[in-house]
Amino acid sequence: MQTKFLRVQVALPGPFWQPLSYLVPDDSLSVATDPSLQSAWLADWLGWRVRVPFRNQTRIAVVVGVDQDDGVELSKLKPLLVKLDQEPVLNSQDLKFLRWAANYYHEPIGEVVMAALPKRLRDGEPLALPGVMTWQRSALGQSISVDQLSARAHKQRVLWQALSNDQAWSSSQLNASFSGWQPLVKRWVEQGWLAVKEGPCLAHKSLPNPVRHLLNDEQQAAVTSVQASQGFGCFLLDGVTGSGKTEVYLALIEQVLAQGKQVLVLVPEIGLTPQTAARFEAYLQQPVVALHSGLNDQERHCAWQVMRRGEASVLLGTRSALFSPFADLGLCILDEEHDLSFKQQDGFRYSARDLLIRRAHLLNIPVLLGSATPSMESLHNAQTGRYRYLRLSQRAGEAQPPHLSLLDVRGDRLQEGLSNKALGQMREALAAGGQVLVFLNRRGFAPVLLCHSCGWQGACSHCDANLTYHHASDTLKCHHCGFQQPKPKVCPACGSAHFVAMGQGTERLEQFLTIQFPEHTILRIDRDTTRLKGSLAEKVTQARDGEADILIGTQMLAKGHHFPKLTLVVMLDLDQGLFSVDFRGAERMAQLLVQVAGRAGRGTQAGRVLIQTHQPEHPTYQQLLREGYAGFAAQTLGDRQIANLPPFSFQLLVRVEALDSAQAVAFLEAIKALLLAVPVTEPCEVWGPVSAPMAKRQNRWRYQLLLQASSRASLQAWWQAVAAAVYAHPLANRVRWSLDVDPQEMG
DNA sequence: AGCACGCCGACT
DNA sequence: GTCGGCGTGCTC
C-alpha cells in the first residue's frame with residue numbers, strides 16, 4: 001500500500017481565513033487509506049476536539065474538515081498531538097451552520113466555532129463534567145447491612161448508613177457531609193455494592209406549583225398557525241404589551257415537548273430573570289435551563305452538556321445561547337425581536353435573530369419572533385410574505401391600554417429635567433394611591449462639570465468625548481477609555497473656582513425627588529444601583545410589589561416587567577431620539593416609548609403616560625399618539641423605501657481605527673477605489689470615508705465606509721470581489737479594522 | 001489575536 | 001556594555 005499522508009482541517013481561534021491543516025498521527029492511517037472506510041474516517045474526525053502544536057505551544061482546536069488538499073506544502077504541516085474526548089463536540093449540522101455564519105459575517109471560522117463552545121471546552125477541559133456522578137446502592141448493596149462492616153470502621157459505618165437511604169448521592173452532597181469518602185465509595189463500587197450513575201449536572205430542584213392558563217381567540221389562532229407549520233417557517237408574533245405573548249410561547253413549547261423535542265428560547269440580555277425561568281417551569285412542569293451572563297464557567301458547561309445530551313428540553317438564554325448544541329431541537333423562539341442586545345456589538349458582530357432564523361432553516365423547524373414593537377426589518381419581511389404575520393391586539397384580562405399624552409414644556413422652568421406640570425401630575429397620581437415611574441433615557445445626559453465663569457468643560461485627551469463628573473470620588477472620568485483625574489480646584493482656562501454640574505442623571509433626580517416627595521418612598525433602578533448580582537431582580541420585585549411609590553428607571557426597566565400598581569409614567573428626555581444622526585433613531589425612540597408605556601396600567605387601573613417634550617408638534621409624536629406603533633411603522637417603512645434605506649436595502653460597514661488618521665482614511669479610500677472598479681449589475685453604493693460618531697477613542701482616530709446594495713447576495717458578492725485585494729493591502733495590517741454586516745448602530 | 005523577532009534610548 | 005520600548009510579521 002502506498003503511503004498517503006492524511007490531514008485534517010481545524011478551526012483555531014485567530015485571524016485565519018481558512019482552517020489550518022494538520023497531519024493525523026500514524027496509528028490512524030490504516031482506517032483512512034482504505035477508500036471504503038472514508039465515511040468512517042469522516043465520522044472519526046469531523047467535529048472532534050484535538051490538541052495541536054501551534055508555534056511553540058499547543059492549542060485546542062476543532063476539526064472542521066477532513067483530508068481536503070488546501071494546497072499547503074506537506075513540509076509545512078505538523079502532526080496533531082492528540083484527539084480529545086470519546087465523541088465529537090459538534091455534529092455536522094452544527095458545523096454547517098457555523099461555517100455559514102463565518103462566511104456571512106466574514107469572521108474567521110476558528111472564532112465562530114469557539115463561540116459555540118463553553119470556555120472550559122475551549123480551554124481543553126474534559127467533556128464530562130466533574131461532580132455529575134451520583135452513587136446509589138446497587139441490588140447487591142441493598143442486601144448489605146451496616147452490621148456487615150467492621151465494628152471498628154466507624155467512618156465506613158457512618159457513610160454506609162447514610163448511603164442506605166436509597167437516594168443517589170452526588171460528590172457535592174458527599175463532600176458536604178463526609179471527608180475522605182472517595183476511597184470508600186470507590187471500593188464499594190468495585191465490590192458491586194454501589195452503582196454509579198452519571199446524573200444531570202443541574203441541581204435537582206422542586207418545581208413551582210403548576211399554573212395553567214386559557215388562551216383567548218387570538219392567542220389560540222397564533223398557536224394553531226405555528227403548529228400547522230411543516231418544517232421551517234418564520235412567524236412574527238406582533239402583540240401589544242400585556243397581550244400575553246408568553247402564553248403563546250408556552251402553549252407551543254408544551255406541544256413540541258410532547259413530541260419529545262427540545263426548544264430554544266432567546267430573550268434580551270436584561271429580560272432573563274429568575275422569575276421568567278420559574279414561570280416557564282411552573283407551566284411546563286419540567287426543568288428549564290437558563291443560560292446568561294451571570295453564570296460561571298462550570299454552569300455554562302453544564303447547560304451546554306445537558307442540552308446536547310437531551311437531558312433537558314428547554315433552554316432559555318441570551319444571545320450566545322443560540323450556538324448551543326441540541327440533541328433534537330424542534331422549535332426556536334426569540335422574544336423582543338427588535339431588541340438591540342441580540343446584535344453583538346464587538347468582535348464577532350452577529351445578529352442572534354438572523355442566525356437563529358438561519359439555524360431553524362437548516363434544521364427545518366419553525367421559528368417564532370415576538371415583539372410589541374417589531375423592527376422595520378421584521379415587519380417588512382412579514383409584509384413581503386417571508387414571515388407569517390400573527391397579531392395579538394388585545395391586552396389580557398381587564399387591563400386597559402395606557403393613555404399617552406404630550407406635555408409641552410416649552411418655556412417652563414425645569415428642575416432636574418422635571419417640569420412643574422409633571423410634578424403636579426405625579427402628586428395627583430400618588431394621592432390617588434398609584435405608583436409613578438419617572439423614566440430617564442440617560443444616554444447623552446451624563447453629568448458634565450462646567451466652569452460657571454467661562455464655560456470650560458473637561459474633555460478627554462484620548463477620546464472625542466467629555467469627561468463625566470463622579471460625585472462619590474470627586475473625579476472626572478472618561479467612560480470610553482477609563483482616563484480619570486481629580487476634579488480641578490480652579491478652572492484650567494480662567495482660574496475661577498466656581499463650577500456647576502450640568503446635565504441630568506438618575507442620581508440627581510433621585511435627590512431632587514426625595515426633597516419634593518418626602519412622604520413617599522423612592523426606588524432607583526439603573527446600572528449603578530443594580531451592579532451586584534441579583535440586585536436587579538430584587539429591586540424589580542420590590543417595585544412590582546408596590547414597596548416604592550416612585551420608581552426612577554433607565555432602559556433596563558423598559559422590558560418585560562410587570563408593575564400592577566403603576567398608573568403614571570413620566571418620560572423625560574425622549575426628544576433626543578427625534579434628532580438622531582442614525583436613521584433608526586426614531587424607530588428606537590418609538591420602541592422605547594411603547595415599551596415603557598406598556599409598564600403602566602397592567603393591573604386593574606388604566607395607566608397614563610406623559611411625554612415631556614419641546615417638540616409637541618413633531619410628526620413622529622403626532623403619529624405615535626394618533627395611530628400607535630403600527631401607524632408609525634407604516635409611515636417609517638414608506639420613508640425608508642423612498643430613501644432606499646434598510647429594510648429596502650442591505651448595508652455593510654467597514655470600521656477603521658488608527659493612531660494616524662491619515663492612514664485610516666487612506667485605507668478606506670483604497671477599499672472604495674477597489675469597490676468602484678468592480679463591475680456590478682445591481683445597484684451598489686458606497687459612502688465615505690466619514691468620521692465615526694465618536695471621532696477619536698483611546699487615542700485612535702475612527703473612520704468608516706458604508707456599503708449598500710439592493711440585496712444581501714449582491715452586497716456579499718461585491719465585497720467578495722474586493723476582499724482578497726483588501727486583505728493584501730499594505731495598510732490592512734497597519735490599522736485596526738473590522739466589518740459589520742447589517743450594522744444596527746453607526747457608533 | 002498573541003507572541004516572537006528586531007532595531008534604537010536610559011541605566012547598573 | 002545591557003534592558004527593554006513596541007513596530008511588524010507569522011502562525012498549519
Side-chain angles (χ1 to χ4, degrees), chain A residues 3-26 28-29 32 41 45-84 95 98-99 101-102 105-119 121-124 320 344-350 462 481 654-664 666-667 670 697-702 723-740:
Chain A
T3 312
K4 182 172 185 292
F5 293 96
L6 286 160
R7 46 175 84 183
V8 290
Q9 285 71 49
V10 306
L12 194 74
F16 312 113
W17 297 101
Q18 52 193 22
L20 303 187
S21 289
Y22 284 86
L23 298 173
V24 301
D26 290 345
S28 307
L29 285 177
W41 151 246
W45 289 94
L46 205 60
W48 289 66
R49 282 198 301 167
V50 288
R51 188 180 287 278
V52 296
F54 184 76
R55 288 260 184 151
N56 51 0
Q57 41 186 343
T58 73
R59 295 283 173 89
I60 302 297
V62 174
V63 178
V64 294
V66 168
D67 206 28
Q68 287 149 22
D69 191 352
D70 55 4
V72 178
E73 280 176 52
L74 202 62
S75 61
K76 284 197 166 183
L77 302 189
K78 293 178 183 175
L80 64 85
L81 297 171
V82 65
K83 196 164 127 186
L84 300 171
L95 285 172
L98 296 172
R99 269 194 297 262
Y105 288 103
H106 301 100
E107 185 72 13
I109 182 68
E111 301 289 338
V112 178
V113 166
M114 291 306 156
L117 295 183
K119 183 172 183 298
L121 294 185
R122 295 201 294 269
D123 292 349
S320 62
Q344 177 129 317
Q345 296 289 12
D346 54 356
F348 175 20
R349 294 172 177 264
Y350 64 93
H462 312 288
C481 72
V654 188
R655 303 165 188 271
V656 176
E657 284 186 11
L659 294 168
D660 176 3
S661 67
Q663 284 195 333
F667 182 55
R697 183 162 170 172
Q698 296 184 48
N699 279 330
R700 289 174 200 278
W701 295 94
R702 310 162 79 227
V726 171
Y727 289 109
H729 192 279
L731 281 171
N733 294 323
R734 303 177 69 130
V735 300
R736 288 186 187 174
W737 67 286
S738 64
L739 294 182
D740 190 349

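In the text below, chain A, chain B and the rest are named by the order of the sequence lines, each starting its count at 1.
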C:dC12 OP1/OP2 closer than 4.0 Å to side-chain N/O of A:Lys76: no
Whole-Å gap separating C1' (C:dT11) and CD (A:Gln57): 10 Å
Close side-chain approach of A:Trp737 to A:Glu657, heavy-atom, < 4.5 Å: no
Min side-chain heavy-atom separation A:Ser320-A:Tyr350 under 4.5 Å: yes
Closest to side chain of A:Tyr22, choosing from C:dT11, B:dA4, C:dC12: C:dC12
Consecutive-pair stems (3 or more, Watson-Crick or G-U, under 3.5 Å) for DNA chain C: B:1-11 with C:1-11
5′-ward residue of the pair A:Asn56/A:Gly14 relative to DNA chain B: A:Gly14
Gap between atoms OH and P, on A:Tyr727 and C:dT11 respectively (whole Å): 19 Å
Donor-acceptor pair, side chain of A:Tyr22 and main chain of A:Pro53, under 3.5 angstrom: yes
Any side-chain heavy-atom pair of A:Asp740 and A:Val654 under 4.5 Å: no
Among C:dT8, C:dT11, C:dC12, the nucleotide that comes nearest once only the side chain of A:Arg734 is considered: C:dT8
Nearest-angstrom distance from the residue atom CZ of A:Phe16 to P of B:dC3: 12 Å
Side chain of A:Pro15 (C-beta onward), nearest among C:dC12, B:dA4, B:dA1: B:dA1
Euclidean distance, atom CG of residue A:Leu659 to atom P of C:dG5 [Å, nearest integer]: 18 Å
Heavy-atom check, side chain of A:Ile109 versus side chain of A:Arg99, under 4.5 Å: yes
Length of the CZ-P vector between A:Arg736 and B:dA1, whole Å: 8 Å
Between C1' of C:dG7 and CZ of A:Arg700, the distance in whole Å: 12 Å
Sugar-phosphate only, base, or nothing, as touched by A:Glu73 at under 4.0 Å among non-hydrogen atoms: nothing
Sugar-phosphate only, base, or nothing, as touched by A:Pro19 at under 4.0 Å among non-hydrogen atoms: nothing
Partner residues of A:Asp123 under the side chain to side chain donor-acceptor pair (under 3.5 Å) criterion, sequence neighbours left out: A:Lys119
Aromatic plane relationship, A:Trp17 with A:Tyr727 - under 30° parallel, 30 to 60° tilted, over 60° perpendicular: tilted
Integer-rounded Å distance: B:dG2 C1' and A:Glu111 CD: 11 Å
Rounded distance in Å - CE (A:Met114) to C1' (B:dA1): 13 Å
